Amino acid sequence: AMVNLPETNLNNTNATKYAAKALLAKVYFQMNDFGNVITQVNDIVASAKFSLSDSLNLYNNSAVAQKEMIFYIKSTSADQRSGAMRGNYFETGSNQPQIGVSASLYADATARGGDKRAAYYTPCTGGFRSLKFDSNFFNVPVLYLTDLLLMRAEAIAETNGTLSVAITDVNAIITRAFGGI
């Protein structure tokens with residue numbers, strides 16, 4: 001499929017050569033074929049078509065979030081595809097979301113000072129809920145750069161590869177989440 005798919009499309013909501021590579025990397029990762037994981041992710045990173053988003057919320061419709069996504073399901077008023085997720089997480093007036101996190105999980109997840117993820121939670125009945133889905137329409141990321149960088153870092157470690165690349169990948173993600181390491 002990679003040979004026949006286009007390299008780009010307008011909004012990464014249709015399959016591209018890079019979406020096929022990303023999915024193949026995930027399959028190789030599940031097979032413990034770490035050398036091929038590294039090859040596929042290296043090709044995607046070398047393309048320079050994707051970069052880590054400054055936003056931790058890949059579900060919003062902003063161009064900032066979309067630069068990280070290799071393939072996603074786009075939801076609009078004309079084509080609502082985020083309904084099930086929205087129904088479970090979205091708060092509308094007195095309607096509390098069905099899915100949340102406990103106060104203890106929230107405390108553990110946001111214990112480190114400067115953690116940008118804390119801004120995406122608000123108290124609700126029984127704990128906390130995520131604000132990431134508080135929108136009428138939002139994207140659903142399927143293949144995105146963060147996931148691939150983490151897979152490449154693990155694949156490099158598993159194959160005793162160049163750990164400096166793995167460390168750089170992980171540090172980039174940590175820096176994005178915390179603003180620094």
Side-chain angles (χ1 to χ4, degrees), residues 1-90 99 117 120 130 132-177:
M2 282 185 270
V3 174
N4 295 317
L5 288 170
E7 282 206 21
T8 61
N9 65 52
L10 294 177
N11 55 17
N12 295 336
T13 58
N14 295 318
T16 64
K17 168 182 167 179
Y18 296 105
K21 284 181 170 293
L23 187 56
L24 186 57
K26 291 181 81 133
V27 170
Y28 283 140
F29 188 79
Q30 293 300 316
M31 294 171 57
N32 293 327
D33 186 347
F34 300 119
N36 277 317
V37 170
I38 295 166
T39 298
Q40 296 304 319
V41 176
N42 284 348
D43 286 350
I44 293 166
V45 170
S47 78
K49 294 182 181 300
F50 311 97
S51 59
L52 289 178
S53 170
D54 294 333
S55 172
L56 296 179
N57 186 358
L58 297 184
Y59 294 90
N60 69 46
N61 288 316
S62 75
V64 171
Q66 291 175 13
K67 71 181 187 176
E68 181 170 338
M69 289 191 253
I70 298 163
F71 180 76
Y72 63 96
I73 300 168
K74 187 167 183 71
S75 184
T76 66
S77 60
D79 189 10
Q80 171 57 287
R81 295 179 180 232
S82 58
M85 290 181 70
R86 185 177 180 271
N88 289 324
Y89 297 101
F90 188 58
I99 300 173
R117 295 173 296 180
Y120 290 101
S130 174
K132 289 171 40 168
F133 309 101
D134 277 2
S135 177
N136 287 324
F137 310 101
F138 54 85
N139 299 324
V140 180
V142 177
L143 301 166
Y144 48 97
L145 191 58
T146 302
D147 193 27
L148 296 177
L149 293 178
L150 289 172
M151 284 191 305
R152 179 171 73 173
E154 186 172 337
I156 289 170
E158 289 284 348
T159 59
N160 295 315
T162 307
L163 287 180
S164 62
V165 173
I167 291 167
T168 298
D169 287 349
V170 171
N171 283 345
I173 295 165
I174 291 170
T175 299
R176 193 253 312 261

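Keep in mind the model is a prediction, meaning the values are calculated, not measured.
Using a 4.5 Å cut-off on side-chain heavy atoms (C-beta onward), Ile70 and Leu148 make contact. In this structure, the side chains of Met2 and Leu24 come closer than 4.5 Å at one or more pairs of heavy atoms. With contacts defined as side-chain heavy-atom distances shorter than 4.5 Å, the pair Phe29/Phe34 qualifies.
A pairwise comparison of heavy atoms in Ile38 and Ala155 identifies CG1-CB, 3.7 Å as the closest pair. In this structure, Ala157 and Leu163 approach most closely via the heavy-atom pair CA-CD2, 4.0 Å. Scanning both residues, Leu5 and Ala15, for their nearest heavy atoms gives CD2-O, 3.9 Å.
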Query raised in the report: Can Leu150 and Asp169 be said to form a side chain to side chain contact (heavy atoms under 4.5 Å, CB included), step by step?
Result: CA-CA 7 Å; Leu150 289 172; Asp169 287 349; over 6 Å; no
Query raised in the report: What's the verdict on side chain to side chain contact (heavy atoms under 4.5 Å, CB included) for Lys49 and Lys67, showing C-alpha distance, side-chain angles and the deciding distance?
Result: CA-CA 8 Å; Lys49 294 182 181 300; Lys67 71 181 187 176; over 6 Å; no
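Checking each of Leu143, Val37, Val41 against Lys26 for a side chain to side chain contact (heavy atoms under 4.5 Å, CB included) leaves exactly one that passes, namely Leu143. Just one of Val170, Val45, Thr168 meets the side chain to side chain contact (heavy atoms under 4.5 Å, CB included) condition when paired with Leu149; it is Val45. Screening Thr39, Asp147, Val165, Ile44 for a side chain to side chain contact (heavy atoms under 4.5 Å, CB included) involving Arg152 leaves a single residue, Val165.
Distance check, rounded to the nearest 0.5 Å: CG of Asp33 to CD of Glu158 gives 12.0 Å. Atoms NZ and OG, on Lys17 and Ser47 in that order, are 8.5 Å from each other to the nearest 0.5 Å. Remark: Tyr28 OH to Asn36 CG distance equals 4.0 Å, nearest 0.5 Å. Ile167 CD1 to Ile156 CD1: the interatomic distance, rounded to the nearest 0.5 Å, is 10.0 Å.
A donor-acceptor pair under 3.5 Å links the side-chain atoms of Thr16 to the main chain of Tyr18, judged by distance alone.
Side chain to side chain, Thr146 and Glu68 meet the donor-acceptor criterion of an N or O pair below 3.5 Å.
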